[in-house]
S.K.: 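Pasting a structure below so you can have a look.
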Amino acid sequence: MRSDIFHKLRVAAGGCAVALVAAHTALAEPKHGIAMYGDPALPQDFVSLPHVNADAPKGGKIIFAEAGGYDSLHPYIRKGSSPWQLRFMLAESLMGRSYDEPFSLYGLLAESIDTNEARTWVEFTLREEARFSDGTPVTIDDVMWSYETLGTKGHPRYHGAWGKVETMEQTGPRSVKFTFNTEDRELPLILGMRPVLQKAQWEGKDFEASGVDVLPITSGPYTIGAFEPGRYLTLKRNPDYWGKDLPFMRGKANLDEIRFDYYGDGDVIFEAFKAGEANTHRETNAQKWATLYDFPAVTSGDVVKSEIPHKRPTGILGFVMNTRSDQFKDIRVRDAMIHAFNFEFINKTVNGGTRPRIQSYFHNSILAMAPGTAAEGRVLDMLQGFKDDLPQGAIEGYTLPVSDGSERNRAGIRRAMELMEEAGWTVQDGQMKNADGQPFTFEIVLKMGSTETRQIIDIYTAALNRIGITPTITVIDSAQYKERTTAFDFDMAYYRRGLSLSPGNEQKLYWGSKLANEPGSRNWMGVESPAVDGLIDKLLTATSQEDFHAATKALDRVLTAGRYVIPIWYSATSNIAHAKELKYPTDTPPMYGDWLGFQPDLWWWEE
């Protein structure tokens with residue numbers, strides 16, 4: 001798809017808008033929302049989302065202490081390191097997501113959405129009142145330019161869906177229609193969630209250049225305020241925000257100011273919170289949550305400890321092995337690394353043994369495989385179609401090794417050595433070597449300030465030393481870390497992928513073969529598996545909940561049995577300590593709990 005094609009479409013559409021909208025209206029049944037399966041839960045006349053405080057007061061501020069820094073305020077491209085929050089807090093999309101449903105969208109910039117039963121096309125109609133922060137209207141031209149620009153020049157996360165668009169055409173003064181070239185029932189929802197930027201701002205500018213000189217003009221409730229790269233960034237609530245009275249936005253974006261202060265070390269972040277320099281802190285260490293939150297502000301009640309439950313999948317958290325590296329191409333070597341990782345001892349040392357281990361990518365949800373059990377029914381049928389490409393354990397069942405909890409982990413170490421020998425590596429003169437006498441070693445890349453992660457790795461490398469393996473540990477700042485992981489320049493790295501109850505096209509970005517060697521993709525492990533690709537396709541084209549669940553469970557089995565990641569722990573709750581004035585809806589927590597769109601979007605300040 002070339003730019004001149006869409007230019008012609010825009011010109012043609014502009015010349016016959018009235019005729020097109022008249023012809024299309026007879027067939028259209030536009031709705032206020034859309035769900036992946038069935039209808040969205042909320043009716044057209046809903047007054048607010050069910051998990052918000054619709055009467056929350058406006059005012060106050062929230063201050064986050066963050067590790068690392070940034071060198072760009074342009075979150076929509078590959079280059080530069082921008083605060084990750086900006087991607088979700090500046091630009092709005094045509095539709096907005098409800099985090100109290102598995103996958104439902106409601107109109108935001110768009111007043112309606114229309115699609116056919118097969119979902120081979122989708123049409124959006126803009127709200128007439130939609131405005132950018134500078135007061136100019138959001139137009140169909142802005143929408144079409146944003147989609148084409150992001151799909152061709154933006155971050156790779158936007159490229160996949162754009163490649164499935166056959167045509168984009170203006171169908172009325174405020175309407176745009178996308179027709180697809182691929183069977184993918186999720187596409188109408190994915191396109192509804194693309195950020196819409198102001199076309200005029202970027203005329204004569206290089207959209208792909210990163211930096212802090214150009215502040216994106218967007219339509220969201222917050223705009224960028226004062227900032228200093230490496231030190232702080234503030235977002236200010238726009239008092240003239242166009243969508244403040246929309247039902248979808250009622251009770252959201254309540255805080256006047258959102259501030260991010262940047263520090264170089266995880267321990268310093270906690271001390272900054274204790275000192276009152278930040279007024280909220282998310283604690284991921286269970287032992288610290290239980291033992292370190294007894295400082296004066298907590299005992300006096302000025303700081304509150306909140307635990308927010310959720311029903312979402314664990315996702316995968318741990319240490320990813322890069323299969324592009326010769327060291328980790330062999331699944332037996334990856335299996336050995338997992339056996340040498342003494343989870344029970346590490347968990348006891350770091351968390352007091354309180355955290356359960358992640359068993360699979362969709363663990364803790366209805367989409368998860370059952371560890372150690374054989375596949376059956378529809379799941380088995382789907383796996384049988386790829387039986388020549390399945391890792392051991394995908395069909396018959398796979399379970400992570402469990403140690404006796406002692407530091408020595410004799411059974412795990414013994415099995416690790418057996419697997420390494422099967423792969424052609426043995427201990428010679430105290431070192432793990434191959435038949436040519438070359439030592440087995442690899443580099444572990446960590447981000448500066450990751451205190452807990454370094455503690456885990458130190459215990460792990462001590463265990464590896466016992467089998468003659470001495471990895472190199474490289475600790476670098478956040479900018480260098482992003483640069484190296486973007487280029488897949490690592491052997492092993494700390495890895496996190498949050499997964500939802502509605503997995504879809506992002507699965508191809510995470511572990512699809514097509515992007516395995518595309519710099520900037522999120523397929524860090526370098527998975528290139530026909531089984532993974534095929535099961536993602538089945539997931540995307542499923543027309544029933546039964547097939548959707550079966551495809552996801554089958555995918556979960558293949559990814560887990562592939563031994564790409566050494567998983568660590570998860571929590572079924574999020575632990576957040578915060579100033580007593582910061583409030584959130586406690587009676588109706590969203591299904592996703594503490595997830596994107598929770599803090600700070602749903603929180604408010606109350607004296």
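Since the structure is predicted, the reported quantities are computational estimates derived from the model, not experimental observations. What's counted below: heavy atoms across the whole structure, side chains too, no hydrogens, waters or symmetry copies.
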S.K.: Do other residues, nucleotides or ligands put more than 12 heavy atoms under 6.0 Å from the CD atom of Q545?
M.R.: yes

S.K.: Just by distance, with hydrogens left out, do N575 and E283 show a side-chain donor and acceptor under 3.5 Å apart?
M.R.: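 Not at all, the side chains of N575 and E283 share no donor-acceptor pair under 3.5 Å.
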
S.K.: Can you check whether P567 reaches Y361 side chain to side chain, under 4.5 Å on heavy atoms?
M.R.: no

S.K.: Applying side chain to side chain contact (heavy atoms under 4.5 Å, CB included), run through K305 and W289 and close with a yes or a no.
M.R.: CA-CA 9 Å; K305 293 175 65 179; W289 183 250; 3.5 Å; yes

S.K.: Is there side-chain contact between L367 and D556, with heavy atoms separated by less than 4.5 Å?
M.R.: no

S.K.: Can you tell me how far OG1 of T120 sits from CG of D184, rounded to the nearest 0.5 angstrom?
M.R.: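 Here the interatomic distance stands at 12.0 Å.
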
S.K.: Going by distance alone, is a donor N or O of one side chain under 3.5 Å from an acceptor N or O of the other, for E101 and Y106?
M.R.: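 Short answer, yes.
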
S.K.: Taking the side chain from E186 and the backbone from N505, do they hold a donor-acceptor pair closer than 3.5 Å?
M.R.: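 Yes, the answer is positive, given that a donor and an acceptor are paired below the 3.5 Å cut-off.
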
S.K.: Determine whether a donor-acceptor pair (N or O, by modelled atom type, separation under 3.5 Å) exists between the side chain of N254 and the backbone of W603.
M.R.: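 Looks like yes, one N/O pair under 3.5 Å.
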
S.K.: When you compare the side chains of K583 and N53, does any donor N or O come within less than 3.5 Å of an acceptor on the partner?
M.R.: no

S.K.: Identify the heavy atoms of M249 and P221 that sit nearest to each other, and give their distance.
M.R.: CE-CG, 4.2 Å

S.K.: Name the residue from H310, K311, R97 that meets the side-chain contact (heavy atoms from CB on, under 4.5 Å) definition with Y592.
M.R.: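 Only one of H310, K311, R97 forms a side-chain contact (heavy atoms from CB on, under 4.5 Å) with Y592, namely R97.
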
S.K.: L49 versus L42: any side-chain heavy-atom pair under 4.5 Å?
M.R.: yes

S.K.: Between H155 and Y76, is the ring centroid distance below 6.0 Å?
M.R.: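 When the ring centroids of H155 and Y76 are compared, they turn out to be at least 6.0 Å apart.
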
S.K.: Check whether the ring centres of Y584 and F598 lie less than 6.0 Å apart, and answer yes or no.
M.R.: yes

S.K.: Which atom names give the shortest non-hydrogen contact between E528 and A516, and what distance separates them?
M.R.: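 In terms of heavy atoms, the two residues are closest at CG-CB, 3.5 Å.
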
S.K.: Are R378 and D547 close enough for a salt bridge, meaning some N to O gap below 4.0 Å?
M.R.: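 Salt bridge flag = yes for D547 with R378.
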
S.K.: Does any N or O in the side chain of R87 come within less than 3.5 Å of the main-chain N or O of Q85, such that one atom is a donor and the other an acceptor?
M.R.: no

S.K.: With rounding to the nearest 0.5 angstrom, report the CG to CD1 distance, N409 to I459.
M.R.: 12.5 Å

S.K.: Please work out which of the three classes, parallel, tilted or perpendicular, describes the rings of F270 and H281, given edges at 30° and 60°.
M.R.: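 Tilted: the ring planes of H281 and F270 meet at 30° to 60°.
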
S.K.: Check whether more than 12 heavy atoms from other residues, nucleotides or ligands sit under 6.0 Å from atom CZ of R282, and answer yes or no.
M.R.: yes

S.K.: Thinking salt bridges, do E506 and R497 make one under a 4.0 Å N-O criterion?
M.R.: no

S.K.: Evaluate side chain to side chain contact (heavy atoms under 4.5 Å, CB included) for L150 paired with W162, printing each intermediate quantity in order.
M.R.: CA-CA 8 Å; L150 290 171; W162 180 249; over 6 Å; no

S.K.: Before giving the answer on side chain to side chain contact (heavy atoms under 4.5 Å, CB included), spell out for T323 and R334 the whole-Å C-alpha distance, their side-chain angles and the decisive distance to 0.1 Å.
M.R.: CA-CA 9 Å; T323 61; R334 302 198 300 272; 3.6 Å; yes

S.K.: What are the two closest heavy atoms between D100 and P50, and how far apart are they?
M.R.: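 So the minimum-distance heavy-atom pair works out to OD2-CG, 3.7 Å.
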
S.K.: Testing the 3.5 Å rule here: is there a donor-acceptor pair between the side chains of H578 and S306?
M.R.: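 On atom types as modelled, these side chains qualify, holding a pair under 3.5 Å.
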
S.K.: If you count every heavy atom of other residues, nucleotides or ligands that lies below 6.0 Å from E483 atom CD, does the total exceed 12?
M.R.: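 12 or below, so no.
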
S.K.: Quick one, T314 with N364, criterion side chain to side chain donor-acceptor pair (under 3.5 Å). Give me CA distance, side-chain angles, the key distance, then yes/no.
M.R.: CA-CA 6 Å; T314 58; N364 191 52; over 6 Å; no

S.K.: To the nearest 0.5 Å, how far apart are OG in S521 and NZ in K514?
M.R.: 12.5 Å

S.K.: Supply the atom-to-atom distance Y398 OH to Q392 CD, rounded to the nearest 0.5 angstrom.
M.R.: 10.0 Å

S.K.: Quick one: does D489's side chain have a donor or acceptor within less than 3.5 Å of a partner on R484's backbone?
M.R.: no

S.K.: Do the charged groups of D335 and R415 touch, with an N to O distance under 4.0 Å?
M.R.: no

S.K.: Any donor and acceptor pair, going by atom type alone, linking the side chain of N347 with main-chain N or O of N351 inside 3.5 Å?
M.R.: no

S.K.: Measuring only between side-chain heavy atoms, which start at C-beta, is L464 closer than 4.5 Å to F442?
M.R.: yes

S.K.: Can you confirm whether D458 sits close enough to I473 that some side-chain heavy atom of one is under 4.5 Å from a side-chain heavy atom of the other?
M.R.: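 Result yes, sub-4.5 Å side-chain heavy-atom pair found.
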
S.K.: For I566 versus M337, what's the shortest heavy-atom pair and its separation?
M.R.: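 Minimum heavy-atom separation between I566 and M337: CD1-O, 3.9 Å.
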
S.K.: Answer yes or no: are there more than 12 heavy-atom neighbours, outside K31 itself, under 6.0 Å from its atom NZ?
M.R.: no

S.K.: Using the ring-ring contact (aromatic ring centres under 6.0 Å, His included) rule, pick out the option among F64, Y70, W84 that qualifies with F260.
M.R.: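 Single ring-ring contact (aromatic ring centres under 6.0 Å, His included) partner of F260 among F64, Y70, W84: F64.
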
S.K.: Looking at the rings of Y481 and F490, which for Trp means the six-membered one, are their centres under 6.0 Å apart?
M.R.: no

S.K.: Find out whether E518 and H159 are in side-chain contact, i.e. whether some heavy atom of one side chain is under 4.5 Å from a heavy atom of the other.
M.R.: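 They are not in side-chain contact.
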
S.K.: When you measure from the side chain of R557 to the backbone N and O of A394, does any donor-acceptor pair fall under 3.5 Å?
M.R.: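 It does hold such a pair.
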
S.K.: Checking D389 side chain against A531 main chain: does a donor-acceptor pair fall under 3.5 Å?
M.R.: yes

S.K.: Roughly how far apart are T485 OG1 and Y494 OH, rounded to 0.5 Å?
M.R.: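 Here the interatomic distance stands at 13.5 Å.
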
S.K.: Would you check if there is a donor-acceptor pair between the side chains of N342 and S403 at a distance under 3.5 Å?
M.R.: yes

S.K.: For residues T399 and P371, report the shortest heavy-atom separation together with the two atoms involved.
M.R.: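 For T399 and P371, the tightest heavy-atom pair comes out as OG1-C, 3.8 Å.
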
S.K.: Test your reading of the model: is there a side-chain donor-acceptor pair from S360 to the backbone of A368, 3.5 Å cut-off?
M.R.: no

S.K.: On a heavy-atom basis, which atom in I308 and which in D594 lie closest, and how many Å separate them?
M.R.: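 For I308 versus D594, the nearest heavy atoms are CG2-N, 3.8 Å.
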
S.K.: With side chains defined as the heavy atoms from C-beta onward, is the minimum distance between T349 and Q455 less than 4.5 Å?
M.R.: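 Contact flag for T349/Q455 side chains = yes.
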
S.K.: For the CZ atom of R185 and the OG1 atom of T115, what is their distance to the nearest 0.5 Å?
M.R.: 8.5 Å

S.K.: Ring centres under 6.0 Å, that's the criterion: do Y147 and F178 meet it?
M.R.: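 Centroid separation for Y147 and F178: below 6.0 Å.
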
S.K.: So P156 and R78, do their side chains get closer than 4.5 Å, heavy atoms only?
M.R.: yes

S.K.: Go through the steps to decide whether R250 and V52 satisfy the test side chain to side chain contact (heavy atoms under 4.5 Å, CB included), and finish with yes or no.
M.R.: CA-CA 8 Å; R250 191 164 293 138; V52 309; 5.8 Å; no

S.K.: Would the Y460 and F319 ring centres measure less than 6.0 Å apart?
M.R.: no

